[in-house]
Amino acid sequence: MADTDLAGRRVLAIVTNYGVEQDELVVPLEHLRSAGAAVDVAAVTIDPVETLVGDKDPGTTVAPTLRLQDVDPAGYDLLLVPGGTLNADSLRLEDEAIAAVTSFTTTGRPVAAICHGPWVLVEAGVLEGKTLTTYPSLRTDVRNAGGTWQDRSVVRDDAGGWTLVTSRNPGDLPDFLREVDAVLAERAERA
């Protein structure tokens, strides 16, 4: 994974300020930045993002780059939606998060979501006809939103004019990041 050159690629991660699963935010940030991508973290407020480990133990804090309300999604190549039950449940209530998802999907740009992150996609109403994976407790939500749920470490779906990369949990991060890298590299080749 570290051999991928993502220079010139811009990634937007959207989160709330509390409850993001630590590794689902921190590992992709470090990975993408080390590969040369510029990554912004947009949170509800500019206060530090307090991550959790296993939805309960305090994790590291991450400084957001900007607030969700200040985001212009048009300037990014990929949207990253980390999980964490508390984060995803709150994030799906943020109008700006839904607007970011809609901006990416209607303009054919990729979205990568892990664990509970796809709850935001359910709320945005963009899963009709898509195949994806999530934390298992979201399987019924995905089906009710018109998606097909699979129990796999990573699922990439290019249907419907936009690419969706999903994974189930932090243990799937190597497969998830491999697919994210591939999608960003493909976009760089087309640019």
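Small disclaimer: the values here were computed from a predicted structure and weren't measured. For the numbers below, each heavy atom of this structure counts, side chains included, while hydrogens, waters and symmetry mates do not.
- Looking only at distances, a side-chain donor or acceptor of Thr65 sits under 3.5 Å from a matching main-chain atom of Val41.
- Of all non-hydrogen atoms in Asp55 and Leu86, the two that sit nearest each other are OD1-N, 4.4 Å.
- Residues Gln150 and Thr133 share a closest heavy-atom pair of O-OG1, 2.6 Å.
- Figure legend: cation-pi geometry between Lys130 and Trp162, with NZ or CZ positioned under 6.0 Å from the six-membered ring centre and within 45° of its axis.
- Here the shortest heavy-atom pairing between Gly84 and Glu24 reads N-OE1, 3.6 Å.
- With contacts defined as side-chain heavy-atom distances shorter than 4.5 Å, the pair Leu91/Val15 does not qualify.
- Leu138 and Val122 fall into different hydrophobic clusters, where Ile, Leu, Val, Met, Phe, Trp and Tyr are joined by side-chain heavy atoms under 4.5 Å apart, directly or via other members.
- Smallest separation of non-hydrogen atoms from Leu52 and Tyr18: CD2-OH, 3.7 Å.
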How far apart are the C-alpha atoms of Asp141 and Arg143, what are their side-chain angles, what is the distance that settles it, and do they pass the salt bridge (Lys or Arg N to Asp or Glu O under 4.0 Å) test?
CA-CA 6 Å; Asp141 295 329; Arg143 290 178 181 148; over 6 Å; no
What do the steps show when you test Arg152 against Glu179 for salt bridge (Lys or Arg N to Asp or Glu O under 4.0 Å), and what is the final call?
CA-CA 13 Å; Arg152 296 187 5 218; Glu179 283 303 317; over 6 Å; no
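- A salt bridge does not link Arg10 to Asp77: none of the charged nitrogens lies less than 4.0 Å from a carboxylate oxygen.
- Note on Val180: it does not cluster hydrophobically with Val81, by side-chain heavy-atom contacts below 4.5 Å among ILVMFWY residues.
- Closest of all the heavy-atom pairs between Leu12 and Ala42 is CD1-CB, 3.9 Å.
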Pair Arg178, Asp181 - check salt bridge (Lys or Arg N to Asp or Glu O under 4.0 Å), show working.
CA-CA 5 Å; Arg178 182 193 70 240; Asp181 286 355; over 6 Å; no
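- Pairing each heavy atom of Asn17 with each of Thr45, the nearest pair is OD1-N, 2.9 Å.
- Gln22 contributes no side-chain N or O that, together with a main-chain N or O of Gly59, makes up a donor-acceptor pair within less than 3.5 Å.
- With sequence neighbours left out, the side chain to side chain contact (heavy atoms under 4.5 Å, CB included) criterion links Ala124 to Ile98, Val101, Thr102, Val126.
- The one candidate from Thr148, Thr166, Leu164 that meets the side-chain contact (heavy atoms from CB on, under 4.5 Å) condition with Thr131 is Thr148.
- Between the side chains of Asp175 and Ser153, at least one donor N or O sits under 3.5 Å from an acceptor N or O.
- Note on Val183 and Leu173: same hydrophobic cluster, where clusters join Ile, Leu, Val, Met, Phe, Trp and Tyr whose side-chain heavy atoms are under 4.5 Å apart, directly or indirectly.
- For the pair Asp172 (side chain) and Arg168 (backbone), a donor-acceptor distance under 3.5 Å is present.
- Thr134 contributes no side-chain N or O that, together with a main-chain N or O of Pro136, makes up a donor-acceptor pair within less than 3.5 Å.
- Linking Ile, Leu, Val, Met, Phe, Trp and Tyr residues whenever their side-chain heavy atoms come within less than 4.5 Å places Leu80 and Val62 in a single cluster.
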Using atom types as modelled, flag every donor-acceptor pair under 3.5 Å from a side chain in residues 109-116 to any protein atom, sequence neighbours excluded.
{"unit_1": "Arg109", "atom_1": "NE", "unit_2": "Thr107", "atom_2": "OG1", "d": "2.8"}
{"unit_1": "Arg109", "atom_1": "NH1", "unit_2": "Pro73", "atom_2": "O", "d": "2.5"}
{"unit_1": "Arg109", "atom_1": "NH1", "unit_2": "Tyr76", "atom_2": "O", "d": "2.9"}
{"unit_1": "Arg109", "atom_1": "NH2", "unit_2": "Ser103", "atom_2": "O", "d": "3.3"}
{"unit_1": "Arg109", "atom_1": "NH2", "unit_2": "Ser103", "atom_2": "OG", "d": "3.0"}
{"unit_1": "Arg109", "atom_1": "NH2", "unit_2": "Thr107", "atom_2": "OG1", "d": "3.1"}
{"unit_1": "His116", "atom_1": "NE2", "unit_2": "Thr85", "atom_2": "OG1", "d": "3.4"}

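- At least one donor-acceptor pair under 3.5 Å links the side chain of Asn87 to the backbone N or O of Pro82.
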